[in-house]
Amino acid sequence: MKKTLLLFTLISIALAQTPSSEYLYLDILSDLTAQLPNRNPAYLTTENIPYTYAFQYRYNNSGGEYRLPFSPEAKNYNNLEVSAYQKMNNGILFAGRFAYRNEQRTNKLWLHNAETNIDIPFYFGDSTSGDFNLNGIDWNIIFSYPLSNVTRLAVDIFYNVDEQFKSVFPKPNIKRNDLHIRPAISFKGERSSLGLMGSYFQFKEDIETKKYSLEQGRSPIFMRIRGLDRSLLTYAETSEERLQNIQGYGFSANFDLGGRLLGETNYEHSQAQIVDGGSYPVEQGNWDMTRFYYRVDLKSKVTSFLNTDLFFKQYWSNANGFHPTLNAQIYNSSHRHFEGGLSLPYHPSNNESWTGSVSYSFQDIKREDNFLGLLHYIPGNTLHLNMTYAYQGKGILYELSGAYNDIKIGESIVYDAMSDWYYDMITAEEIAYYSQDRKLIQAGLKITFPYKNIFIALSGTYQDVNPINSDESFHSAQTQIEIMF
Amino acid sequence: MRTPMNKFYKLSCISVCFIIFMIALSCSLNITPPASMRFSAQVTIVDTTAKGLDSLVSGANVTLQSITYGDIITMETNSMGVAVFNNLLPDRYNILASGNRVSITDIIIINGQLQDTSLFIEGNDTLDLRIIAQTSRTSALVISEIYYSGAIPNPVPQYFHDQFTEIYNNSSQTIYLDSMLIADVEYGFANDTVIHAVHAYMFPGDGNDYPIEPGEFKVIAQDAIDHSPYPINSINLLNSDFEYYVADKGDVNNISVPDMIQIHHKYGDDFLYSVFSNAILLMNVKEPYKLGYDEFNRILLPKSDVVDGVEYRDNVTEFNMKRIDESIDGGLTGGIPSYSSQSVERYIDRYEEERMILMDNNNSSLDFHVLKPPTPGFVTEEDAE
């Protein structure tokens, strides 16, 4: 669930975009379209491709005491990637990315699911904890075809296959098989543009534990978590298994009216089917989730050096869980984030730019267990300060960034009179986590320089989250080297 | 070039953005106490063998056992024979009722159950349930402990030769074990009028050879040897009172311990109790061969001759898989992993003149607890109370 923290961080810091489905459900950063408006692949043209081909190595590390109960103590990701752009004779622009990932998660507690998210009320785990390892490959391919000088069609296909396993008995093995297809179209005039994109994804996860072994001399207690409390416990005599199939669709749109009024919106709806196997199969329920995001920017020119960007945006997600036999909704989770602010891009010269922004947001989390009668609501507001600086001299590009978020939590409402051990041990910690006032600081540096016939980019970012009046913290860092041809 | 139209356009956009943002900010959620699917139920216990108010069983324990969540809630019936349960979760439940009716000459045990019953009612209504109870009588001799799970692999895996059964005299009279039987029960005949036994072994003696004094234990071992060296931390059964011995299967025999007499042995190298599920009966059968055998070579024994019976199972919610009915054992004990060095042992109910009286509701769900390590021939009072 650390990803939820990162999700909030992303919402807070990344002023332009909402978390992608791959990031939310799979914890995969697929950035081939990250620089395009609203990630629409139909905006990819020969004019805006960054290089012909490139090799990239990325290392992510995160950890700390201030984390959610199911988060691993530390996460270390290694990502090796090759990407390329190629224009075909018939006008088709082809872009591809192929990545190998290796991930280590230290002391991941209980849950076997590869990813956790508080919006999702169904999980599967056991009474042991341990280190997880993941090996996987994922790739994107984009075909972009110009219908005319104004219109382009494109399709972005993402595929991932990976395997995560824990060495500690009962040695759960989690295999994922994921597909995401985004057909898109863009209309680009001289000063204005419009982009539309559809989305369909299917993320499959198959969890299987090893068979009970007499030599092990023990049998773990398996937990099937449903809602905020009262997980289902079983003793395993043999292997346990769960299949989870998330299917979803979405729609995105964005526009740019003369560089002065810009807007983008995303809508996504997903549904999950969960089926248990093994020695004690328990009928599981299903859940669905809807996410909605929009952002509007109003840009204007104050002087030839200074622009203004007045923006506001909203992110909203709502998830529901359903009982397997009673045909009733048993869980609801919702997050809301409203933010408005002002950004000031300043260009004192052709090779130097500053951008400062200040914004203020209101966000809240509500989770309700309609089966057991539990609820918590945690509102908060955040002051966001961001600064970026870019300078190019002697062929070297320096990019500096910094961010500061001051997150104040309002008066929480908690109804927990009917709680039991699971709530007291897990959910109460989640509430405590979200109820803390905290500060977030982020700093980043990227240097891009030429070397012979290639460009090399070195970058690093560091982020630290500190709850107020606490010695705990949580950090995440990323270092990257990219060789571009 | 700036025009009035341009300026108007900007101001309009800024105003609209600001208004939308303020509206969004003001959309705070209306938080009300959460809905819940919890409900209330009242369970009425009826004894049809009694008349008038006697048919309403007061003071009985009614246990609701949630099959999915594992919750176990016990309430006592009031003077109208009703037990009230609040804040129940919708689920499939096993409902067990156990009480007694004291007559001038006897204590009659009352047992009833509803198996795998879906309980849920919407709104604030209360669910009404009715259990028709069966009656049975307490036994002077009871099975006080069964160790069936086998030893923790250390280093020997799948070791079950240290199994034993313990019998206790719960009465104030000396009783003779001579010619009594210990038998197991095949699944599928719980409601039959006869017992279908895979194994049946008889205590030796001619009627007055093997007394069991009030408050005394007797241990019947699968093999009356010291098992503790292999596997390590198993138990010592050298001091057992009887042992099962299957001569033609190369079974271990401790010649200083009397052997149980084989009446019927369908299969196996020994009288092995399943490490997963079984029912063990103590019987007083005068003519064990009288009813013959069923078509699968299981010996048939009269159910009316059962003195005591205990049923165990790895999953104690699976009442639909029971082997014996409420007249013998209305419950299920166990719920422990196989090869875990754990046994099931009867609770102590009370003391009469320093003599321990073990709990006997004819309901092993209520009467037994799980014990580790097993205690052949004695009770650890701290655990059993």
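Every chain is numbered from 1, with letters handed out A, B, ... down the list of sequences. Please read these numbers as outputs of a predicted model, since none were measured by experiment.
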Counting only heavy atoms closer than 4.5 Å, note whether A/Ala328 contacts chain B via side chain, backbone, both or neither. side chain

Taking everything shown except B/Asn320 itself, do over 12 heavy atoms lie less than 6.0 Å from its CG? yes

Chain B contact via A/Asn332 - which portion, at a heavy-atom distance below 4.5 Å: neither

Cut-off 4.5 Å, heavy atoms of chain A, and the answer for B/Thr32 is backbone

Quick one: what part of A/Arg226 sits under 4.5 Å from any heavy atom of chain B, side chain, backbone, both or neither? side chain

Taking atom CE of A/Met418 and atom CG of B/Asn87, what is their separation to the nearest 0.5 Å? 3.5 Å

Are A/Asn370 and B/Met37 packed together at the side-chain level, in the sense that at least one heavy-atom pair is separated by less than 4.5 angstrom? no

Do the side chain of B/Arg38 and the main chain of A/Leu372 share a donor and acceptor less than 3.5 angstrom apart? yes

Pick from A/Ile330, A/Leu375, A/Thr325 with the largest number of heavy-atom pairs that fall under 4.5 Å of chain B: A/Leu375

